[in-house]
Every structure is written in structure tokens, then in C-alpha cells.
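What follows is a single structure, written as C-alpha cells, with notes after it.
The shown structure was predicted, so the numbers you read here are calculated from the model rather than taken from an experiment. Whatever order the structure lists ligands and atoms in, that order sets their numbers, starting from 1. In what follows, residues are counted from 1 in the order of the sequence shown.
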Amino acid sequence: MRRALIAGNWKMNGAGDAAAALLQVVAKAEPGAADLVVCPPFTALSEAQRLLCGTFVQWGAQNVYPAPSGAYTGEISPAMLTALGCRWCICGHSERRQLLGETDGFVGQKVRAVLDAGMTPILCVGETAGERQDGRTASVVEREVEKGLTEVAADEAARLVIAYEPIWAIGAGQAATAEEAEEACGWLRECVFRLFGRAAADGVRILYGGSVGSGNIASFLAMPDIDGALIGGASLRADEFISIYNTAKA
Ligand code: PEP
């Protein structure tokens, strides 16, 4: 039985006092049958550590550089994240792939570095609207998973998190249908099975992301291959985020 996971991706939001205000509300969530994770920007991670430490809520980063230290101006290492109490790290978000040119191979290096640091990667995959129209959704997301997990061993795969995030649904206000999301998440679980076997396929948590809110979360969670959600915009509205989590924990 996989435990539900609700993870918030704040993206480049939450400067100054706004981060503390949001974290203070999230810290009051009641524990239950779901995990709750927030991924603020790097600049708010120490605030997350201060305000969430001692609660059941966990925190993580939105990105990492896959090297232990060195001449990588502006980058953040895995050890810098774990020093701030991070247990999670988003890898390969489509905004980074599209805007910053992250390749499948580079994302794979990040996944490896995150695992080596003892954190859990949330590997994001998803197709564009054009790729979906061309019938290429399965091949795109399977390629992203295969390349993203190239350096992962079978016994590590069960504790990974994969987020299926169709690019056309992110920030669009129009989510995929639960059936569309389930179909893709099923392909991803099948892909993990092919790569790593049954135990990994049964253990890996697969999230849906893209315009999830309190009004549609239940429809995604009702699907057998969807274990939770990665939430962007709605994670910035504390009451909405907690409401999504409360549905998952119920
Ligand atoms: C995201 O960017 O990971 C995301 C799911 O965004 P939104 O919920 O705003 O669509």
C-alpha cells in the first residue's frame, strides 16, 4: 500500500515575510494518512527548517547541482540542501527543461546526486500539447523516466517519486482529466516495472501535477496509479493547499 503524497512547488515565489506567513499555516496541518512536503525557493529553506522542524511536514528544494562542491557559480550542492534539513528535491521540472535547457542526461545526474545525499528525488516528466496531439505522450514520458533513472539501482527505485506533469496543464487552470492522468501514470508504472521489476513498480510513488486544486484532487486520488499530487499555484494559497492535503489524508 503506497502512502499518498502531496508536495508543493512554490517556484520563484515566497520572498521575505511571505514565506514565513505561508510556512506558519502549513506547519499547523494535522498528520494523517498522507505525507506533506513543501519545496520553497532556496532563499526560504532555512525559514522552512526553522518553522517546520518538529512537525510532520517535510521540506525540499526545487533544484540542485550534481556535484559535491567546486567552481559552479550560483549553484547549490546536495550537501547544502541536507544541511538545511531537506529530504526531497524536485529534478527535471519542465520549466527548467524548457527555459534553462536541462537535458534528460543532466536530470539523470541530479537524480543520482539527490539519492547519494540521502534525499528523495521527485522526477518530473511530461509532454507538450503538440506531443500529445501527435500521439507521442507515452514515448516522451517513458524516455524521460528511462534517462532520468539511468544511474538508479533496482533496490533504490521503490523509494523514488515520479511526477507526471503534462506541460499543457501546468499553470493553465485546466487540468488533465483523471482518466488522462491515470493512463500516463499507468504507462510510467509499467516503465518502472520493465526497468526495475515488480517490487519497484509497486513501491514507486507516482504523482499527477498540473492545475490541481481542492476541487479536483479527489478525482486524481481515486485512480489506482496516482499516489498524490505535485501542486504549483495552489501551494501558494495556504488554505487551498491544506484543503488539498486534508482530502488526501482522508
Ligand atoms: C508545477 O509547476 O509543478 C505545477 C503543477 O503547477 P500548477 O499546479 O500551477 O499547474
Every pair of nitrogen or oxygen atoms between ligand 1 and the protein that is under 3.5 angstrom apart - can you list them with their distances to 0.1 Å?
unit_1, atom_1, unit_2, atom_2, d
ligand 1, 2 (O), Lys11, NZ, 2.5
ligand 1, 2 (O), His93, NE2, 2.8
ligand 1, 3 (O), His93, NE2, 3.0
ligand 1, 3 (O), Glu165, OE1, 3.1
ligand 1, 3 (O), Glu165, OE2, 2.7
ligand 1, 8 (O), Gly232, N, 2.8
ligand 1, 9 (O), Gly233, N, 2.8
ligand 1, 10 (O), Gly171, N, 2.7
ligand 1, 10 (O), Ser211, N, 2.7

key: Test salt bridge (Lys or Arg N to Asp or Glu O under 4.0 Å) applied to Lys110 and Glu102, Glu151, Glu75, the passing residue   = Glu102
query = Can any side-chain N or O of Gln62 pair as donor or acceptor with the backbone N or O of Asn9 at less than 3.5 Å?
reply = no
inquiry  = Donor-acceptor check, side chain of Asp202 to backbone of Ala199, threshold 3.5 angstrom: yes or no?
reply    = no
message = Given Val204, which partner from the list Leu149, Val192, Asp227 fulfils the side-chain contact (heavy atoms from CB on, under 4.5 Å) test?
response = Val192
query = Aromatic ring centroids of Tyr65 and Phe42 under 6.0 Å?
reply = no
request  = Would you tell me whether Tyr164 and Glu180 have side-chain atoms, one donor and one acceptor, within less than 3.5 Å of each other?
outcome  = no
